[in-house]
2 protein chains.
Amino acid sequence: MKRVAESTIRRLSLYLTALEEIGARGTRTVSSEELAQLGGTTSAQVRKDLSVFGSFGKRGLGYSVAELTARLRSILGLGRRWRVCIIGAGKVGAALAQYPGFPERGFDIVAVYDTDPARIGERWGDLKVRDAASLEADSSALNCDIAVLAVPASAAQRMAERAVAAGVRAILNFVPVQLSVPRNVAVRNVNMAVELEALSFALTNRG
Amino acid sequence: MKRVAESTIRRLSLYLTALEEIGARGTRTVSSEELAQLGGTTSAQVRKDLSVFGSFGKRGLGYSVAELTARLRSILGLGRRWRVCIIGAGKVGAALAQYPGFPERGFDIVAVYDTDPARIGERWGDLKVRDAASLEADSSALNCDIAVLAVPASAAQRMAERAVAAGVRAILNFVPVQLSVPRNVAVRNVNMAVELEALSFALTNRG
DNA sequence: TCCTGTGAAACGGTTCACAGCC
DNA sequence: GGCTGTGAACCGTTTCACAGGA
(Lines give C-alpha, C1' and ligand atoms only; values in the text may rest on other atoms or scores of the structure.)
Protein backbone atom coordinates (compact mmCIF):
# COMPACT_ATOMS: atom_id res chain seq x y z
CA MET A 1 0.00 0.00 0.00
CA LYS A 2 0.98 3.56 -0.72
CA ARG A 3 2.66 5.38 2.12
CA VAL A 4 0.03 7.02 4.32
CA ALA A 5 0.82 9.99 6.54
CA GLU A 6 0.30 9.76 10.25
CA SER A 7 -1.79 12.91 10.10
CA THR A 8 -4.08 11.34 7.50
CA ILE A 9 -4.84 8.39 9.78
CA ARG A 10 -5.53 10.72 12.67
CA ARG A 11 -8.02 12.63 10.55
CA LEU A 12 -9.70 9.51 9.19
CA SER A 13 -10.40 8.54 12.77
CA LEU A 14 -11.94 11.94 13.41
CA TYR A 15 -14.06 11.67 10.27
CA LEU A 16 -15.27 8.28 11.45
CA THR A 17 -16.34 9.67 14.81
CA ALA A 18 -18.18 12.48 13.05
CA LEU A 19 -19.82 10.06 10.62
CA GLU A 20 -21.06 7.81 13.39
CA GLU A 21 -22.55 10.85 15.05
CA ILE A 22 -24.40 12.08 11.98
CA GLY A 23 -25.36 8.56 10.96
CA ALA A 24 -27.06 8.14 14.33
CA ARG A 25 -29.09 11.26 13.53
CA GLY A 26 -30.38 9.60 10.37
CA THR A 27 -28.53 11.74 7.83
CA ARG A 28 -27.89 9.77 4.64
CA THR A 29 -25.41 11.88 2.75
CA VAL A 30 -22.54 14.18 3.67
CA SER A 31 -20.32 16.55 1.71
CA SER A 32 -16.59 16.99 2.17
CA GLU A 33 -17.36 20.48 3.44
CA GLU A 34 -19.62 19.23 6.24
CA LEU A 35 -17.17 16.50 7.18
CA ALA A 36 -14.38 19.06 7.24
CA GLN A 37 -16.22 21.21 9.75
CA LEU A 38 -16.90 18.27 12.03
CA GLY A 39 -13.32 17.07 11.76
CA GLY A 40 -11.74 20.49 12.05
CA THR A 41 -10.12 20.70 8.60
CA THR A 42 -10.85 21.83 5.07
CA SER A 43 -12.92 20.17 2.39
CA ALA A 44 -9.89 19.78 0.13
CA GLN A 45 -8.11 17.98 2.93
CA VAL A 46 -11.02 15.60 3.42
CA ARG A 47 -11.10 14.74 -0.28
CA LYS A 48 -7.33 14.26 -0.43
CA ASP A 49 -7.36 12.04 2.66
CA LEU A 50 -10.05 9.83 1.23
CA SER A 51 -8.55 9.75 -2.25
CA VAL A 52 -5.55 7.86 -0.89
CA PHE A 53 -7.81 4.87 -0.38
CA GLY A 54 -10.21 5.18 -3.29
CA SER A 55 -13.16 7.15 -4.66
CA PHE A 56 -16.01 6.82 -2.25
CA GLY A 57 -18.11 9.81 -3.19
CA LYS A 58 -20.45 10.82 -5.97
CA ARG A 59 -19.74 14.05 -7.79
CA GLY A 60 -22.46 16.60 -7.20
CA LEU A 61 -23.88 14.55 -4.32
CA GLY A 62 -21.29 13.88 -1.67
CA TYR A 63 -20.64 10.72 0.28
CA SER A 64 -23.07 8.09 1.52
CA VAL A 65 -22.79 8.18 5.30
CA ALA A 66 -23.34 4.45 5.66
CA GLU A 67 -20.90 3.50 2.95
CA LEU A 68 -18.17 5.89 4.03
CA THR A 69 -18.52 4.76 7.63
CA ALA A 70 -18.05 1.16 6.56
CA ARG A 71 -15.10 2.04 4.34
CA LEU A 72 -13.35 3.97 7.08
CA ARG A 73 -13.93 1.21 9.61
CA SER A 74 -12.43 -1.23 7.19
CA ILE A 75 -9.44 1.00 6.38
CA LEU A 76 -8.74 1.51 10.07
CA GLY A 77 -8.95 -2.20 10.77
CA LEU A 78 -12.00 -1.96 13.00
CA GLY A 79 -13.77 -4.92 11.44
CA ARG A 80 -12.54 -7.13 14.27
CA ARG A 81 -11.88 -6.89 17.99
CA TRP A 82 -8.39 -6.39 19.37
CA ARG A 83 -6.89 -7.97 22.47
CA VAL A 84 -5.24 -5.52 24.83
CA CYS A 85 -3.21 -5.99 27.98
CA ILE A 86 -2.39 -3.25 30.44
CA ILE A 87 1.10 -3.30 31.92
CA GLY A 88 1.28 -1.40 35.19
CA ALA A 89 -1.56 -1.53 37.70
CA GLY A 90 -1.08 1.94 39.18
CA LYS A 91 -3.33 4.98 38.93
CA VAL A 92 -3.13 5.32 35.16
CA GLY A 93 -3.52 1.60 34.55
CA ALA A 94 -6.55 1.48 36.82
CA ALA A 95 -8.20 4.40 35.08
CA LEU A 96 -7.63 2.86 31.67
CA ALA A 97 -8.87 -0.55 32.75
CA GLN A 98 -12.18 1.03 33.73
CA TYR A 99 -12.47 3.24 30.69
CA PRO A 100 -15.55 2.18 28.71
CA GLY A 101 -14.15 3.67 25.51
CA PHE A 102 -11.87 0.67 25.02
CA PRO A 103 -14.51 -2.07 24.67
CA GLU A 104 -16.91 0.32 22.92
CA ARG A 105 -14.37 0.83 20.17
CA GLY A 106 -13.50 -2.85 19.82
CA PHE A 107 -10.54 -3.08 22.18
CA ASP A 108 -10.97 -5.77 24.84
CA ILE A 109 -8.78 -5.64 27.90
CA VAL A 110 -7.83 -9.23 28.57
CA ALA A 111 -5.12 -8.85 31.22
CA VAL A 112 -3.50 -6.46 33.68
CA TYR A 113 0.08 -6.92 34.89
CA ASP A 114 2.22 -5.54 37.66
CA THR A 115 5.45 -6.46 39.44
CA ASP A 116 4.40 -5.22 42.88
CA PRO A 117 3.45 -8.23 45.08
CA ALA A 118 0.99 -5.98 46.90
CA ARG A 119 -0.96 -5.52 43.70
CA ILE A 120 -0.64 -8.95 42.16
CA GLY A 121 -3.83 -10.91 42.71
CA GLU A 122 -6.04 -7.84 43.22
CA ARG A 123 -9.48 -8.16 41.60
CA TRP A 124 -10.26 -5.54 39.00
CA GLY A 125 -13.79 -6.19 37.79
CA ASP A 126 -13.56 -9.37 35.73
CA LEU A 127 -9.79 -9.31 35.78
CA LYS A 128 -7.18 -10.23 38.32
CA VAL A 129 -3.85 -8.40 38.36
CA ARG A 130 -1.25 -10.85 37.13
CA ASP A 131 2.44 -11.12 37.89
CA ALA A 132 4.41 -9.42 35.15
CA ALA A 133 6.85 -12.32 35.43
CA SER A 134 4.33 -14.44 33.55
CA LEU A 135 4.00 -12.04 30.61
CA GLU A 136 5.86 -14.25 28.17
CA ALA A 137 4.42 -17.48 29.56
CA ASP A 138 0.87 -16.12 29.16
CA SER A 139 1.41 -15.05 25.62
CA SER A 140 0.10 -18.10 23.81
CA ALA A 141 -3.03 -18.26 25.97
CA LEU A 142 -3.81 -14.53 25.98
CA ASN A 143 -2.50 -13.62 22.57
CA CYS A 144 -2.49 -9.85 23.07
CA ASP A 145 -2.24 -7.61 20.03
CA ILE A 146 -1.69 -4.37 21.91
CA ALA A 147 0.02 -3.49 25.19
CA VAL A 148 -0.88 -0.37 27.11
CA LEU A 149 2.23 0.71 28.98
CA ALA A 150 1.67 2.56 32.27
CA VAL A 151 4.68 1.77 34.46
CA PRO A 152 7.35 3.96 36.11
CA ALA A 153 9.79 5.49 33.64
CA SER A 154 12.64 3.31 34.89
CA ALA A 155 10.78 0.12 33.96
CA ALA A 156 9.30 1.26 30.65
CA GLN A 157 11.94 0.11 28.17
CA ARG A 158 12.35 -3.27 29.86
CA MET A 159 8.60 -3.90 29.97
CA ALA A 160 8.20 -2.81 26.37
CA GLU A 161 10.80 -5.37 25.34
CA ARG A 162 9.08 -8.07 27.32
CA ALA A 163 5.73 -7.18 25.78
CA VAL A 164 7.30 -7.49 22.34
CA ALA A 165 8.81 -10.83 23.34
CA ALA A 166 5.31 -11.87 24.38
CA GLY A 167 4.08 -11.22 20.86
CA VAL A 168 2.57 -7.76 21.19
CA ARG A 169 2.77 -5.81 17.92
CA ALA A 170 1.56 -2.41 19.07
CA ILE A 171 2.16 -0.32 22.18
CA LEU A 172 0.16 2.57 23.56
CA ASN A 173 2.80 4.24 25.71
CA PHE A 174 1.73 6.51 28.58
CA VAL A 175 5.26 6.74 29.96
CA PRO A 176 7.27 9.87 29.08
CA VAL A 177 10.16 7.83 27.73
CA GLN A 178 11.29 7.26 24.16
CA LEU A 179 10.83 3.52 23.62
CA SER A 180 13.13 1.66 21.31
CA VAL A 181 11.39 -1.31 19.73
CA PRO A 182 11.71 -3.33 16.50
CA ARG A 183 10.47 -1.44 13.47
CA ASN A 184 7.52 -3.76 12.94
CA VAL A 185 6.07 -2.81 16.34
CA ALA A 186 3.82 0.26 16.27
CA VAL A 187 4.11 2.74 19.12
CA ARG A 188 1.89 5.69 20.01
CA ASN A 189 2.87 7.98 22.82
CA VAL A 190 0.35 9.70 25.06
CA ASN A 191 2.19 12.24 27.16
CA MET A 192 0.13 14.40 29.45
CA ALA A 193 3.10 16.56 30.38
CA VAL A 194 3.53 17.54 26.74
CA GLU A 195 -0.11 18.56 26.45
CA LEU A 196 -0.02 20.60 29.63
CA GLU A 197 3.23 22.28 28.73
CA ALA A 198 1.94 23.14 25.28
CA LEU A 199 -0.97 24.92 26.96
CA SER A 200 1.38 26.61 29.38
CA PHE A 201 3.44 27.82 26.44
CA ALA A 202 0.37 29.12 24.64
CA LEU A 203 -0.84 30.94 27.76
CA THR A 204 2.56 32.47 28.33
CA ASN A 205 3.10 33.58 24.76
CA ARG A 206 -0.22 35.17 23.96
CA GLY A 207 -2.65 35.03 26.95
CA MET B 1 7.62 36.44 18.83
CA LYS B 2 8.45 34.48 15.71
CA ARG B 3 5.93 31.86 14.74
CA VAL B 4 6.74 28.58 16.50
CA ALA B 5 5.58 25.23 15.16
CA GLU B 6 3.38 23.01 17.27
CA SER B 7 5.83 20.18 16.75
CA THR B 8 8.68 22.28 18.09
CA ILE B 9 6.86 22.92 21.37
CA ARG B 10 6.05 19.24 21.68
CA ARG B 11 9.73 18.41 21.30
CA LEU B 12 10.89 21.11 23.71
CA SER B 13 8.72 19.47 26.31
CA LEU B 14 10.33 16.11 25.57
CA TYR B 15 13.80 17.64 25.80
CA LEU B 16 12.89 19.11 29.16
CA THR B 17 11.79 15.74 30.49
CA ALA B 18 15.04 14.21 29.27
CA LEU B 19 17.09 17.03 30.76
CA GLU B 20 15.47 16.69 34.16
CA GLU B 21 16.25 13.00 34.04
CA ILE B 22 19.92 13.45 33.21
CA GLY B 23 20.27 16.43 35.52
CA ALA B 24 19.09 14.22 38.37
CA ARG B 25 21.90 11.82 37.50
CA GLY B 26 24.42 14.62 37.99
CA THR B 27 25.44 15.07 34.36
CA ARG B 28 26.56 18.67 33.74
CA THR B 29 26.71 18.92 29.98
CA VAL B 30 24.78 17.45 27.07
CA SER B 31 25.22 17.49 23.30
CA SER B 32 22.48 17.91 20.75
CA GLU B 33 23.17 14.33 19.71
CA GLU B 34 22.50 12.92 23.19
CA LEU B 35 19.41 15.05 23.60
CA ALA B 36 18.19 13.88 20.21
CA GLN B 37 18.40 10.24 21.24
CA LEU B 38 16.50 10.87 24.47
CA GLY B 39 13.88 12.92 22.67
CA GLY B 40 13.56 10.58 19.71
CA THR B 41 14.78 12.88 16.94
CA THR B 42 17.96 14.12 15.26
CA SER B 43 20.70 16.42 16.47
CA ALA B 44 20.01 18.92 13.70
CA GLN B 45 16.39 19.04 14.81
CA VAL B 46 17.39 19.71 18.41
CA ARG B 47 19.64 22.57 17.36
CA LYS B 48 16.98 24.06 15.09
CA ASP B 49 14.35 23.80 17.78
CA LEU B 50 16.53 25.60 20.30
CA SER B 51 17.77 28.19 17.82
CA VAL B 52 14.25 29.59 17.52
CA PHE B 53 14.59 30.89 21.08
CA GLY B 54 18.28 31.77 21.21
CA SER B 55 21.78 30.34 21.41
CA PHE B 56 22.06 28.34 24.58
CA GLY B 57 25.01 26.09 23.77
CA LYS B 58 28.76 26.42 23.51
CA ARG B 59 30.38 25.33 20.27
CA GLY B 60 32.61 22.37 20.82
CA LEU B 61 31.12 21.73 24.25
CA GLY B 62 27.39 21.28 24.08
CA TYR B 63 24.71 22.62 26.43
CA SER B 64 24.83 23.15 30.17
CA VAL B 65 22.15 20.85 31.56
CA ALA B 66 21.21 23.25 34.35
CA GLU B 67 21.05 26.28 32.11
CA LEU B 68 19.15 24.61 29.31
CA THR B 69 16.66 23.15 31.80
CA ALA B 70 16.03 26.62 33.19
CA ARG B 71 15.71 28.11 29.71
CA LEU B 72 13.23 25.51 28.56
CA ARG B 73 11.17 25.88 31.71
CA SER B 74 11.05 29.58 31.11
CA ILE B 75 10.18 29.24 27.42
CA LEU B 76 7.38 26.81 28.25
CA GLY B 77 6.00 29.12 30.92
CA LEU B 78 6.69 26.74 33.79
CA GLY B 79 8.12 29.41 36.07
CA ARG B 80 4.76 29.70 37.79
CA ARG B 81 1.87 27.47 38.85
CA TRP B 82 -1.29 27.25 36.80
CA ARG B 83 -4.85 26.99 38.09
CA VAL B 84 -6.87 24.19 36.54
CA CYS B 85 -10.52 23.21 36.83
CA ILE B 86 -11.95 19.90 35.71
CA ILE B 87 -15.35 20.04 34.05
CA GLY B 88 -17.11 16.69 34.19
CA ALA B 89 -16.90 14.48 37.29
CA GLY B 90 -17.22 11.14 35.51
CA LYS B 91 -14.65 8.38 35.08
CA VAL B 92 -12.19 10.44 33.10
CA GLY B 93 -12.56 13.48 35.32
CA ALA B 94 -12.02 11.37 38.43
CA ALA B 95 -8.90 9.77 37.02
CA LEU B 96 -7.45 13.14 36.08
CA ALA B 97 -8.29 14.70 39.43
CA GLN B 98 -6.23 12.01 41.15
CA TYR B 99 -3.36 12.10 38.67
CA PRO B 100 -0.23 13.23 40.54
CA GLY B 101 1.38 14.42 37.31
CA PHE B 102 -0.71 17.60 37.36
CA PRO B 103 0.57 19.11 40.62
CA GLU B 104 4.06 17.72 40.04
CA ARG B 105 4.31 19.69 36.82
CA GLY B 106 2.91 22.90 38.31
CA PHE B 107 -0.77 22.48 37.48
CA ASP B 108 -3.02 22.78 40.53
CA ILE B 109 -6.53 21.45 40.32
CA VAL B 110 -8.65 23.99 42.12
CA ALA B 111 -12.16 22.86 41.24
CA VAL B 112 -14.27 20.06 39.77
CA TYR B 113 -17.65 20.67 38.18
CA ASP B 114 -20.60 18.57 37.11
CA THR B 115 -24.26 19.09 36.28
CA ASP B 116 -25.51 15.81 37.75
CA PRO B 117 -27.17 16.48 41.14
CA ALA B 118 -26.08 13.00 42.24
CA ARG B 119 -22.45 14.03 41.88
CA ILE B 120 -22.60 17.63 43.04
CA GLY B 121 -21.35 17.86 46.60
CA GLU B 122 -19.30 14.64 46.47
CA ARG B 123 -15.96 14.91 48.26
CA TRP B 124 -12.93 14.30 46.07
CA GLY B 125 -9.89 14.51 48.33
CA ASP B 126 -9.56 18.19 49.18
CA LEU B 127 -12.16 19.17 46.62
CA LYS B 128 -15.92 19.06 46.54
CA VAL B 129 -17.71 18.59 43.23
CA ARG B 130 -19.35 21.91 42.41
CA ASP B 131 -22.47 22.67 40.43
CA ALA B 132 -21.52 23.60 36.89
CA ALA B 133 -24.20 26.29 37.12
CA SER B 134 -21.80 28.30 39.26
CA LEU B 135 -18.93 28.17 36.77
CA GLU B 136 -19.19 31.80 35.79
CA ALA B 137 -20.05 32.99 39.29
CA ASP B 138 -16.96 31.23 40.68
CA SER B 139 -14.66 32.71 38.13
CA SER B 140 -13.39 35.70 40.08
CA ALA B 141 -12.75 33.65 43.20
CA LEU B 142 -11.18 30.64 41.48
CA ASN B 143 -9.53 32.36 38.57
CA CYS B 144 -8.80 29.24 36.53
CA ASP B 145 -6.31 29.48 33.70
CA ILE B 146 -7.04 26.08 32.20
CA ALA B 147 -10.15 23.91 31.95
CA VAL B 148 -9.94 20.17 31.51
CA LEU B 149 -13.03 19.11 29.60
CA ALA B 150 -14.33 15.60 30.29
CA VAL B 151 -18.06 15.72 29.70
CA PRO B 152 -20.40 13.84 27.31
CA ALA B 153 -19.98 14.87 23.68
CA SER B 154 -23.38 16.54 23.60
CA ALA B 155 -22.39 18.96 26.37
CA ALA B 156 -18.84 19.68 25.24
CA GLN B 157 -19.32 22.77 23.09
CA ARG B 158 -21.68 24.40 25.57
CA MET B 159 -19.37 23.75 28.51
CA ALA B 160 -16.37 24.99 26.57
CA GLU B 161 -18.18 28.25 25.90
CA ARG B 162 -19.08 28.61 29.55
CA ALA B 163 -15.50 27.92 30.59
CA VAL B 164 -14.37 30.66 28.23
CA ALA B 165 -17.01 32.99 29.65
CA ALA B 166 -15.60 32.16 33.09
CA GLY B 167 -12.22 33.45 31.97
CA VAL B 168 -10.43 30.24 31.05
CA ARG B 169 -7.82 30.79 28.34
CA ALA B 170 -6.81 27.21 27.61
CA ILE B 171 -8.72 23.96 27.31
CA LEU B 172 -7.45 20.40 27.51
CA ASN B 173 -10.22 18.61 25.68
CA PHE B 174 -10.77 14.90 26.28
CA VAL B 175 -14.05 14.86 24.36
CA PRO B 176 -13.96 13.63 20.75
CA VAL B 177 -15.61 16.78 19.44
CA GLN B 178 -14.15 19.67 17.49
CA LEU B 179 -14.54 22.65 19.81
CA SER B 180 -15.08 26.08 18.38
CA VAL B 181 -13.68 28.78 20.65
CA PRO B 182 -12.31 32.31 20.24
CA ARG B 183 -8.90 32.37 18.61
CA ASN B 184 -7.17 33.58 21.75
CA VAL B 185 -8.19 30.43 23.63
CA ALA B 186 -5.73 27.54 23.28
CA VAL B 187 -7.14 24.06 22.82
CA ARG B 188 -5.36 20.69 22.94
CA ASN B 189 -7.28 17.57 22.12
CA VAL B 190 -6.56 14.23 23.74
CA ASN B 191 -8.51 11.59 21.87
CA MET B 192 -8.02 8.02 22.95
CA ALA B 193 -10.07 6.67 20.05
CA VAL B 194 -7.66 8.25 17.60
CA GLU B 195 -4.67 6.64 19.29
CA LEU B 196 -6.30 3.22 19.39
CA GLU B 197 -7.47 3.43 15.80
CA ALA B 198 -4.03 4.50 14.64
CA LEU B 199 -2.65 1.34 16.26
CA SER B 200 -5.43 -0.71 14.72
CA PHE B 201 -4.53 0.71 11.33
CA ALA B 202 -0.85 -0.05 11.83
CA LEU B 203 -1.62 -3.62 12.90
CA THR B 204 -3.90 -4.15 9.94
CA ASN B 205 -1.58 -2.69 7.34
CA ARG B 206 1.68 -4.32 8.28
CA GLY B 207 1.29 -6.71 11.29
C1' DT C 1 -25.53 23.27 -10.91
C1' DC C 2 -23.23 20.91 -7.37
C1' DC C 3 -19.58 18.48 -5.42
C1' DT C 4 -15.90 15.05 -6.07
C1' DG C 5 -11.23 13.73 -7.46
C1' DT C 6 -6.74 15.23 -8.59
C1' DG C 7 -2.68 17.35 -10.82
C1' DA C 8 0.00 21.53 -9.84
C1' DA C 9 1.51 25.23 -6.86
C1' DA C 10 2.49 26.88 -2.41
C1' DC C 11 3.88 26.23 2.10
C1' DG C 12 6.24 24.76 6.13
C1' DG C 13 8.95 21.64 8.45
C1' DT C 14 13.12 18.65 8.29
C1' DT C 15 17.63 17.54 6.87
C1' DC C 16 22.04 18.82 5.04
C1' DA C 17 26.31 20.78 5.24
C1' DC C 18 29.46 23.86 6.69
C1' DA C 19 31.19 28.30 8.73
C1' DG C 20 32.28 29.81 13.22
C1' DC C 21 33.59 29.46 17.89
C1' DC C 22 35.23 26.94 21.99
C1' DG D 1 38.95 18.43 17.14
C1' DG D 2 34.41 18.88 18.57
C1' DC D 3 29.95 20.66 18.55
C1' DT D 4 26.85 24.60 17.86
C1' DG D 5 24.10 27.73 14.94
C1' DT D 6 22.10 28.52 10.55
C1' DG D 7 21.30 29.45 5.51
C1' DA D 8 20.09 26.54 1.72
C1' DA D 9 18.25 22.39 -0.29
C1' DC D 10 14.97 19.04 0.16
C1' DC D 11 10.73 16.81 0.83
C1' DG D 12 6.14 15.83 2.40
C1' DT D 13 1.74 17.97 3.32
C1' DT D 14 -1.73 21.31 2.51
C1' DT D 15 -4.11 24.33 -0.41
C1' DC D 16 -5.60 25.78 -4.86
C1' DA D 17 -8.13 25.44 -8.84
C1' DC D 18 -10.45 23.17 -12.17
C1' DA D 19 -11.86 19.22 -15.17
C1' DG D 20 -15.37 15.85 -15.08
C1' DG D 21 -19.34 13.19 -13.64
C1' DA D 22 -24.01 13.04 -11.15
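Every value quoted in this text rests on a predicted model; they were computed, and no experiment measured them. Order of the sequence lines fixes the chain letters, A, B, ..., with proteins taken first and strands second; residue numbering starts at 1 for each chain.
For A/R25, the salt bridge (Lys or Arg N to Asp or Glu O under 4.0 Å) criterion is met by A/E21, not counting sequence neighbours. With sequence neighbours left out, the side chain to side chain donor-acceptor pair (under 3.5 Å) criterion links A/D108 to A/R81. In this view, A/S31 and A/E34 satisfy the side chain to side chain donor-acceptor pair (under 3.5 Å) rule, not counting sequence neighbours. Partners of A/R11 by side chain to side chain donor-acceptor pair (under 3.5 Å), not counting sequence neighbours, listed by chain and number: A/D49. Every salt bridge (Lys or Arg N to Asp or Glu O under 4.0 Å) that B/D145 has, sequence neighbours left out, goes to B/R80, B/R169. Judged as a salt bridge (Lys or Arg N to Asp or Glu O under 4.0 Å), and not counting sequence neighbours, A/R83 has no contacts. Partners of B/E33 under the salt bridge (Lys or Arg N to Asp or Glu O under 4.0 Å) rule, at least two apart in sequence or in another chain, do not exist in this structure.
The distance from the OH atom of B/Y113 to the CG atom of B/L127 is 10.5 Å, given to the nearest 0.5 Å.
Between the CZ atom of A/R3 and the P atom of D/dG12 there is a distance of 8 Å, given to the nearest Å. With rounding to whole Å, B/F53 atom CZ is found 18 Å from D/dT4 atom C1'. Rounding to whole angstrom units, CZ of residue B/F56 and C1' of D/dT4 are separated by 13 Å.
Interface residues of residues 24-36 of chain B facing DNA chain D, ordered by number: B/S31, B/S32; criterion, heavy-atom separation under 4.0 Å. Of the residues in residues 5-20 of chain B, B/A5, B/S7, B/R11 come within less than 4.0 Å of DNA chain C through at least one heavy atom, sorted by number.
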Inset, instruction - Produce a footprint string for nucleotides 15-22 of chain D: one letter per nucleotide, 5' end first; B if the base is under 4.0 Å from any protein heavy atom, S if only the sugar-phosphate is, - if neither. - result: BBB-BBBS
Which donor-acceptor pairs under 3.5 Å do side chains of residues 90-106 of chain A form with protein atoms, sequence neighbours excluded?
from	atom 1	to	atom 2	distance (Å)
A/R105	NH1	B/E197	OE2	2.4
A/R105	NH2	A/E20	OE1	3.1

Would you tabulate the side-chain donor-acceptor contacts of residues 150-161 of chain A under 3.5 Å, counting partners in other chains and residues two or more places apart, or write 'none'?
from	atom 1	to	atom 2	distance (Å)
A/Q157	OE1	A/S180	N	2.9
A/Q157	NE2	A/E161	OE2	2.7
A/Q157	NE2	A/S180	O	2.9

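For C/dC22, neither phosphate oxygen OP1 nor OP2 lies less than 4.0 angstrom from any side-chain nitrogen or oxygen of B/Y63.
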